[in-house]
Protein chains: 2
Amino acid sequence: MARAAETRRRTRSQEEKESRILASALDVFARNGFAGTTLDEIAAGAGMSKPNLIYYFASKEEIYRAVLGRTLETWLEPLIALDPAGEPLAEIRAYIHRKLEMSRDRPQESRLFAGEILAGAPLIRDALEGDLKALVDQKVAVIRQWIASGRLAPHDPYHLIFALWATTQHYADFDTQVRAVLGGETDEATRYAGAERFMEEVILRGLRPDQ
Amino acid sequence: MARAAETRRRTRSQEEKESRILASALDVFARNGFAGTTLDEIAAGAGMSKPNLIYYFASKEEIYRAVLGRTLETWLEPLIALDPAGEPLAEIRAYIHRKLEMSRDRPQESRLFAGEILAGAPLIRDALEGDLKALVDQKVAVIRQWIASGRLAPHDPYHLIFALWATTQHYADFDTQVRAVLGGETDEATRYAGAERFMEEVILRGLRPDQ
DNA sequence: AGTGACCTTGACCAATTGGTCAAAAACTAG
DNA sequence: CTAGTTTTTGACCAATTGGTCAAGGTCACT
């Protein structure tokens with residue numbers, strides 16, 4: 001029991017350190033990209049020294065890989081939650097909502113991911129061609145079913161998914177530009193409410209089957 | 001005349017060198033970002049030595065600035081071309097077409113721009129808040145006119161523009177992901193044709209006024 | 001051929017940075 | 001308290017890289 005407690009306690013401490021490192025790393029990587037990030041900056045953000053960082057993660061790339069892996073999981077969740085048994089338009093509406101929520105609440109993850117893809121996805125190409133593609137293919141099949149049953153207008157599901165990804169993530173990844181264009185007046189809540197409204201009124205309307 | 005000829009000739013040579021440098025720089029910056037780019041790599045791409053690069057541009061940042069400035073101009077053109085006198089849906093359709101064309105034919109510029117914004121637009125924030133905002137505001141007014149005249153469904157023009165930017169640029173900026181998801185089968189022409197078709201059928205349909 | 005302006009580059013420098021290492025500090029078990 | 005284990009870090013190192021500089025090359029014109 002003492003042993004178990006000890007082990008648990010040590011693990012706890014380790015986990016807490018690692019998570020502090022990953023949080024700091026996410027912040028810095030998202031802002032400066034992989035190349036623009038220094039170990040010292042991550043270390044400072046995590047409140048420890050550079051060698052101590054390396055004690056927990058073997059290299060800068062390993063830290064990056066860990067942050068990215070975590071992000072990828074989070075990133076897939078909203079699409080996973082798309083329910084084949086649900087009502088098509090309501091499901092897509094809910095998906096838009098979840099994605100916008102994610103852009104609003106976790107913009108760093110979105111930007112980290114965007115940076116990795118922009119750079120040609122050197123570290124997650126396999127995941128994209130494997131897990132991601134498999135997931136998308138599966139959901140594309142669901143959407144095709146919806147179309148076949150006449151509950152959704154017939155459009156290419158791949159491009160539908162791309163359009164939803166692009167538009168929702170735009171508000172996180174291009175936040176700087178969105179704010180510049182809207183001017184100082186518009187606050188975050190208004191921005192996201194406007195985005196959601198637009199997507200519901202235009203894209204969802206475009207997806208409604210003729211009747 | 002001799003003087004003019006000489007001057008012209010020298011200028012030509014300079015321009016040719018500078019444009020070789022900028023072309024190489026665009027390539028490298030778009031792939032690796034500002035921090036990830038080395039002068040040696042740009043120099044190699046331009047077929048000259050690093051000191052020679054510095055002979056034409058004072059610093060790495062100045063090269064970046066030059067490439068970015070050029071890109072920004074190109075980037076604004078399609079929106080500038082949106083004609084207030086045209087038929088609304090046809091104008092927006094043409095805009096989508098031009099933007100997709102740009103993503104397809106100049107993906108590097110799109111990625112360079114995306115990288116700059118992602119990093120918080122350290123060098124073009126002023127341009128975004130100035131020229132870009134002014135241009136967008138102007139076109140937003142046009143779109144509002146179209147809506148007021150009943151030729152376009154009433155939706156927030158800002159979010160419309162964001163959605164069009166996001167979706168069209170997605171195919172350049174997230175090219176790696178798009179290809180991974182679609183699998184090797186789909187070639188470029190098919191991808192862009194599919195994107196255009198989707199946007200016309202869904203977004204344009206969503207913009208059509210009730211009648 | 002000579003001259004002066006422009007162009008090009010090898011060699012070099014200083015700063016940054018990813019990562020190492022040995023030693024010290026902190027913690028645990030007996 | 002002691003011995004052993006884990007954690008932490010100051011000092012350091014080698015590689016990279018932005019930028020300099022002096023020397024030599026090229027070119028147009030006389």
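Below, chain A is the first sequence line, B the second, and so on; all start at residue 1. This one's a predicted model, so the numbers in the text were calculated from it and none came from an experiment.
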Looking at D/dG19, does its base get a donor-acceptor pair with the side chain of B/Lys60 below 3.5 Å? no

Output the rounded distance in Å from OH (B/Tyr56) to P (C/dC6). 12 Å

Measure from CE on A/Met48 to P on D/dT6 and round the result to the nearest Å. 18 Å

Are A/His97 and A/Tyr192 close enough that a side-chain donor and a side-chain acceptor fall under 3.5 Å? no

Nearest-Å distance, NZ (B/Lys50) to P (D/dT17)? 9 Å

Measure the distance from CG on A/Leu53 to C1' on D/dG10 and round it to the nearest whole Å. 16 Å

How many Å lie between CD on B/Glu41 and P on D/dG19, as a whole number? 16 Å

Assess the side chains of B/Asn52 and B/Ser49: does a donor N or O sit below 3.5 Å from an acceptor N or O? no

Would you say C/dT9 has OP1 or OP2 under 4.0 Å from some side-chain N or O of B/Asn52? yes

Verify whether one side chain among A/Tyr95 and A/Asp83 offers a donor that lies under 3.5 Å from an acceptor in the other. no

D/dT6 phosphate, OP1 or OP2, under 4.0 Å from A/Gln14 side-chain N/O: no

For DNA chain D, whose closest nucleotide is more 5', that of A/Tyr55 or that of A/Pro51? A/Tyr55

Heavy atoms under 4.0 Å, any strand shown: does B/Phe57 hit a base, just sugar-phosphate, or nothing? nothing

Nearest-angstrom distance from the residue atom CG of B/Asp40 to P of C/dT8: 17 Å

Just the rounded figure in Å: distance from P of D/dT17 to CD1 of B/Ile42. 12 Å

From D/dT9, D/dG19, C/dT9, pick the nucleotide closest to the side chain of B/Leu39? D/dG19

What's the CD1-P distance between B/Ile54 and D/dT17, to the nearest Å? 15 Å

Mind checking B/Ser49 for me? I need base, sugar-phosphate or nothing, with any heavy atom below 4.0 Å counting as a touch. base

Determine whether the side chains of B/Asn32 and B/Thr37 contain a donor N or O and an acceptor N or O closer than 3.5 Å. no

Could B/Lys17 and B/Tyr56 be counted as a cation-pi pair, given that NZ or CZ must be under 6.0 Å from the ring centre and within 45° of the axis? no

With respect to the phosphate group of D/dT8, does any side-chain polar atom (N or O) of A/Lys17 fall under 4.0 Å of OP1 or OP2? yes

